[in-house]
Amino acid sequence: MPWYLFAMSGVVVNALSHVIRRKVMTKTHKLDYYTSAYLFSFANSIILFIYAVFAGFTMPPIGSMFWVFVINIVLGLVGWLVNNKALSLLPLGEYSVLMTSRQFITWLTSILFLGIGLSALQGVGSAIIIAGILIVYLHKSAWKGNNAKGVGFTLLTALIYGTAILTDQIIYRSSDPASFLLIGFIVNTILLATLRPSVVTKTKLLVSKQWSLMLIGFGVLSSASLVLMFTSLKLADNAPLVSAVFQLQTIASVVFGIILLKETKHLAYKLIGASVATLGTILVIVG
């Protein structure tokens with residue numbers, strides 16, 4: 001199967017996982033971003049471990065790229081926390097459109113560190129992505145209260161993830177995506193528990209009647225989407241190009257947010273902005 005089919009399948013499934021993540025952190029459920037980050041990491045570890053038991057586990061060559069591994073883990077941990085904080089403050093549609101800005105970070109850093117750039121048409125597509133983001137945030141309320149904080153945390157997430165995908169590309173050249181993801185989420189879970197030991201008491205929610213379906217359901221969707229997405233990165237070996245395809249998640253997230261989460265506020269801005277950003281992404285892909 002071509003790399004872009006892995007990527008597109010992954011982003012649709014990932015958008016669905018974001019729906020669950022958003023629901024877990026709403027006022028109705030009242031799980032804070034740190035607890036959510038810990039439980040989500042734990043759930044992903046469980047599902048990826050089960051997958052490894054049946055599909056096999058291949059130990060990544062961590063020793064030969066130790067510092068790349070360390071940087072990747074640190075960026076992943078910080079990005080995971082900031083990401084959950086952002087999604088706890090912003091509606092899924094607005095969060096997803098704003099996250100398209102990670103494409104520019106990936107583009108710039110890949111030019112600087114890997115010598116991989118984009119064509120003129122891809123540059124035009126990138127400019128259109130910016131236009132799509134601006135359209136979503138034209139309304140004044142986007143810059144008030146929790147929304148303003150959410151914008152800040154989302155942009156920080158885009159900066160971290162846009163840079164981290166370069167370390168992902170290096171690692172996945174010689175690693176099995178599922179195996180490395182398993183190690184990454186186990187390390188994440190341990191670090192989160194070490195930094196805040198009290199969060200370990202929340203582990204029981206993974207098997208509780210109220211939470212188990214959502215948390216394990218998230219683990220299944222998230223693990224599947226990440227394996228698909230990082231398999232596409234391994235096959236394509238081009239971080240800016242693959243990152244651009246990942247932005248197709250924008251329109252899926254906006255639609256899922258409207259249908260499944262009833263996020264209809266500023267609907268016109270979201271739909272137009274998501275469509276424009278998606279058009280820009282398509283130009284990046286075909287360029």
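Everything numeric in this text was worked out from a predicted model, so none of it was measured.
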Asks: The criterion is ring pair (Phe, Tyr, Trp, His ring centres under 6.0 Å); which residues satisfy it with Phe180, sequence neighbours excluded?
Replies: Phe69, Tyr172

Asks: Mind checking whether Ile50 and Ile46 have side chains closer than 4.5 Å, heavy atoms only?
Replies: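 The answer is yes; the side chains approach within 4.5 Å.
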
Asks: Could I get the full list of side chain to side chain contact (heavy atoms under 4.5 Å, CB included) partners for Leu77, not counting sequence neighbours?
Replies: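 In terms of side chain to side chain contact (heavy atoms under 4.5 Å, CB included), with neighbours along the sequence ignored, Leu77 is linked to Asn188, Leu191, Leu192, Leu195.
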
Asks: Just jot down the side chain to side chain contact (heavy atoms under 4.5 Å, CB included) partners of Ser212, sequence neighbours excluded, or say none.
Replies: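 For Ser212, no residue satisfies side chain to side chain contact (heavy atoms under 4.5 Å, CB included) once neighbours in sequence are set aside.
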
Asks: Give a yes or no answer on whether the side chain of Arg21 reaches the backbone of Ala37 with a donor-acceptor pair at less than 3.5 Å.
Replies: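 It does not hold such a pair.
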
Asks: Please walk me through it: do Ser41 and Trp80 pass side chain to side chain contact (heavy atoms under 4.5 Å, CB included)?
Replies: CA-CA 9 Å; Ser41 289; Trp80 189 236; 2.9 Å; yes

Asks: My understanding is that only residues two or more places apart in sequence, or in another chain, count here; which of them pass side chain to side chain contact (heavy atoms under 4.5 Å, CB included) with Leu213?
Replies: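 For Leu213 there are no side chain to side chain contact (heavy atoms under 4.5 Å, CB included) partners, ignoring immediate neighbours.
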
Asks: Hey, could you give me each pair passing salt bridge (Lys or Arg N to Asp or Glu O under 4.0 Å) that has a residue in residues 193-210? Not counting sequence neighbours.
Replies: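 Salt bridge (Lys or Arg N to Asp or Glu O under 4.0 Å) check on residues 193-210 returns Asp32-Arg196.
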
Asks: For a 4.5 angstrom cut-off between non-hydrogen side-chain atoms, does Ile73 reach Ile183?
Replies: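 Ile73 vs Ile183: side chains apart.
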
Asks: Listed by chain and number, what are the side chain to side chain contact (heavy atoms under 4.5 Å, CB included) partners of Ser232, not counting sequence neighbours?
Replies: Trp3, Phe6, Ala7, Val242, Phe246

Asks: Suppose we screen for side chain to side chain donor-acceptor pair (under 3.5 Å). Which residues come up paired with Ser225, at least two apart in sequence or across chains?
Replies: Asn14

Asks: Just to verify, what does Asp176 make a side chain to side chain donor-acceptor pair (under 3.5 Å) with, not counting sequence neighbours?
Replies: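 Side chain to side chain donor-acceptor pair (under 3.5 Å) list for Asp176, sorted by chain: Ser179.
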
Asks: Identify the two heavy atoms, one from Ser17 and one from Leu221, that lie closest to each other, and give their separation to 0.1 Å.
Replies: CB-CB, 3.8 Å

Asks: Hey, what do you get for CD1 (Ile190) to OG (Ser45), rounding to the nearest 0.5 Å?
Replies: 8.5 Å

Asks: When rounded to the nearest 0.5 angstrom, what distance separates OG in Ser174 from CE in Met65?
Replies: 3.0 Å

Asks: What are the two closest non-hydrogen atoms of Ala43 and Leu215, and how far apart are they?
Replies: CB-O, 3.4 Å

Asks: Shortest non-hydrogen contact from Thr231 to Pro177?
Replies: OG1-CG, 3.8 Å

Asks: At what distance, to the nearest 0.5 angstrom, does CE of Met99 lie from OG1 of Thr154?
Replies: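 If we round to the nearest 0.5 Å, Met99:CE and Thr154:OG1 are 7.5 Å apart.
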
Asks: Can you sort out the partners of Tyr51 under side chain to side chain donor-acceptor pair (under 3.5 Å), two or more places apart, ordered by chain and number?
Replies: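 Side chain to side chain donor-acceptor pair (under 3.5 Å) check on Tyr51 returns nothing, list empty.
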
Asks: At what distance, to the nearest 0.5 angstrom, does CG of Asn83 lie from OG of Ser88?
Replies: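 With rounding to 0.5 Å, CG (Asn83) is 10.0 Å from OG (Ser88).
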
Asks: With the 4.5 Å side-chain cut-off for hydrophobic clustering, are Phe42 and Val207 part of the same group?
Replies: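 The answer is no; the residues belong to distinct hydrophobic clusters.
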
Asks: For Leu87 and His18, work out which heavy atoms get closest and say how close.
Replies: CD2-O, 4.0 Å

Asks: Any idea which heavy atoms bring Ile216 and Ile47 closest together, and the distance?
Replies: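 Heavy atoms only, the tightest pair is CG2-CD1, 4.1 Å.
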
Asks: Quick check: closest heavy atoms across Gly217 and Ile20, and the distance to 0.1 Å?
Replies: C-CD1, 4.0 Å

Asks: So, using side chain to side chain donor-acceptor pair (under 3.5 Å) as the criterion, who are the partners of Thr167 when residues are at least two apart?
Replies: Asn72

Asks: For Tyr161, does the OH atom have more than 12 heavy-atom neighbours from other residues, nucleotides or ligands under 6.0 Å away?
Replies: yes

Asks: Take Ile160 and Leu156 through the side chain to side chain contact (heavy atoms under 4.5 Å, CB included) test and state the conclusion after the steps.
Replies: CA-CA 6 Å; Ile160 294 170; Leu156 182 55; 4.1 Å; yes

Asks: Please report the interatomic distance CE(Met59) to CG(Leu182), rounded to the nearest 0.5 Å.
Replies: 10.0 Å

Asks: Between atom CH2 of Trp211 and atom CG of Leu205, what is the distance when rounded to the nearest 0.5 Å?
Replies: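 Answer rounded to 0.5 Å: 7.0 Å.
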
